[in-house]
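Below: the structure, in structure tokens.
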Amino acid sequence: MKISQNPQNTIEWHLDRAGMITASDFCVLTKQPKTIKDKENGVLTDLQKKYVIAKANDRLLLNAKKYIVPDQLDNPDIRRGNDHEKFARTFYSAKKEHLVSEIGFCTSEDCESFGCSPDGIFNYKNHFAILEIKCPRVTGHYNTIKSQTIPNDYLLQIHAQLTVTDAVFCDYVSFCLDAQEGHELYIQRVWNDKQINKDVLDIVHKFNDLIEKEIKEIKNIDAEKLWTT
């Protein structure tokens, strides 16, 4: 993989990932249409259609040097996650005795339009591993602890990150400062699986082809067809 030196959440980092298929998007790519017929015919969901158009436009704007980093979503849960992530890394490092470093945007060597931003990276037995940190409210945190199950969208994100980075594993971290003392940190390990990586790349290549096809179609729109009389 190729690693950008731009810190996460900077303007430069946003530019690194603009127009890219990212691991955090992967759950969108795997959604299935509502009917069996549409599924058998490979019909995209409405969300996937919007995704393809959005990525195509981002790439066109980047190429024309007109891309503007959009205003970022801001709500209490996002602020909470951003504020608590550093505490989660500290708790994790103390618990597992790993020296965790932050990392910029990573790009796959198998698809230059596919990347991710793990929440941490560290050495592990002459290899490296990564972190995916979530900082849910206390109810969600305890639901994860009791079920011992990573929410499916997050699991898909993790498998996509492992595909990009080829890390030996990813530790999923659920961290909640509001939990009872001693319960703040939940860790579940997801090992790299080469077959899953292949399946992930197949899906990514499919959508990257659709995005590139959309770019050509947008470029070929006849301006005269934009007005009707």
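If you're wondering where the values come from, they're calculated on a predicted model, not measured in any experiment.
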Considering all heavy atoms of both residues, which atom of [X] and which atom of [Y] are nearest to each other, and what is their separation?
X    : Y    : value
C116 : T165 : SG-CG2, 3.8 Å
Y186 : T149 : OH-N, 4.3 Å
I218 : A56  : CD1-CB, 4.2 Å
T10  : N6   : OG1-CB, 4.2 Å
I187 : K95  : CD1-CG, 4.4 Å
I158 : C170 : CG2-CB, 3.7 Å

Hydrophobic cluster membership, with links at side-chain heavy-atom distances under 4.5 Å among I/L/V/M/F/W/Y: are [X] and [Y] in one?
X    : Y    : value
L162 : L201 : no
V43  : L29  : no
L156 : Y51  : yes
I211 : F26  : yes
W191 : L131 : yes

How long is the gap from [atom1] on [X] to [atom2] on [Y], to the nearest 0.5 Å?
X    : Y    : atom1 : atom2 : answer
N57  : K66  : CG    : NZ    : 12.0 Å
I121 : H98  : CD1   : NE2   : 12.5 Å
Q8   : D16  : CD    : CG    : 10.5 Å
F207 : D202 : CZ    : CG    : 12.5 Å
L44  : L210 : CG    : CG    : 6.0 Å
I215 : L60  : CD1   : CG    : 5.0 Å

Taking [X] for its side chain and [Y] for its backbone only, find out whether a donor-acceptor pair lies under 3.5 Å.
X    : Y    : value
S93  : T90  : no
N192 : A167 : yes
S24  : T22  : no
N220 : K216 : yes

**Pairs involving residues 150-164, ordered by first then second residue, that meet salt bridge (charged side-chain N to carboxylate O under 4.0 Å, His left out) (sequence neighbours left out)** = K31-D153
**Item:** Ring centroid separation Y92 to F175 under 6.0 Å
**Value:** no
**Prompt:** Got a sec, which residues hit salt bridge (charged side-chain N to carboxylate O under 4.0 Å, His left out) with E85, two or more places apart in sequence or on another chain?
**Reply:** R89
**Complete:** Those residues at least two apart in sequence (or on a different chain) that pass salt bridge (charged side-chain N to carboxylate O under 4.0 Å, His left out) with D83 are none
Does a sphere of radius 6.0 Å around [atom1] in [X] hold more than 12 heavy atoms from other residues, nucleotides or ligands, not counting ones at 6.0 Å or beyond?
X    : atom1 : result
K39  : NZ    : no
E97  : CD    : no
E112 : CD    : no
D222 : CG    : yes

**Request:** Examine the side chains of E212 and N208 and answer whether a donor and an acceptor come within less than 3.5 Å of each other.
**Result:** no
**Message:** Determine whether E40 and I36 satisfy the following criterion, side chain to side chain contact (heavy atoms under 4.5 Å, CB included), listing intermediate values before the conclusion.
**Reply:** CA-CA 6 Å; E40 290 175 347; I36 294 176; 3.5 Å; yes
**Prompt:** Is F105 isolated, or which residues cluster with it under the ILVMFWY side-chain rule of less than 4.5 Å, directly or via members?
**Reply:** W13, M20
Heavy-atom check, side chain of [X] versus side chain of [Y], under 4.5 Å:
X    : Y    : result
P7   : E12  : no
F114 : V204 : yes
V190 : E132 : no
L177 : H84  : yes
R137 : C176 : no
I133 : C135 : yes
T107 : V164 : no
M1   : D166 : no

**ring pair (Phe, Tyr, Trp, His ring centres under 6.0 Å): pairs with one or both residues in residues 126-165, sequence neighbours excluded** = Y142-H183
**Message:** Using the rule given for side-chain hydrogen bond (donor to acceptor under 3.5 Å, both in side chains), can you reason through Q148 versus Q188, listing the C-alpha separation, both sets of side-chain angles and the distance that settles it, and then say yes or no?
**Reply:** CA-CA 8 Å; Q148 298 284 291; Q188 187 170 334; over 6 Å; no
**Message:** Suppose we screen for ring-ring contact (aromatic ring centres under 6.0 Å, His included). Which residues come up paired with Y172, at least two apart in sequence or across chains?
**Reply:** none
**Request:** Would you sort out whether D171 and K96 count as a salt bridge (charged side-chain N to carboxylate O under 4.0 Å, His left out), showing the intermediate values?
**Result:** CA-CA 11 Å; D171 271 350; K96 304 299 287 187; 5.3 Å; no
When you check the gap from the basic side-chain N to the acidic O, do [X] and [Y] get nearer than 4.0 Å?
X    : Y    : result
D178 : R80  : yes
K213 : D209 : no
D119 : K134 : no

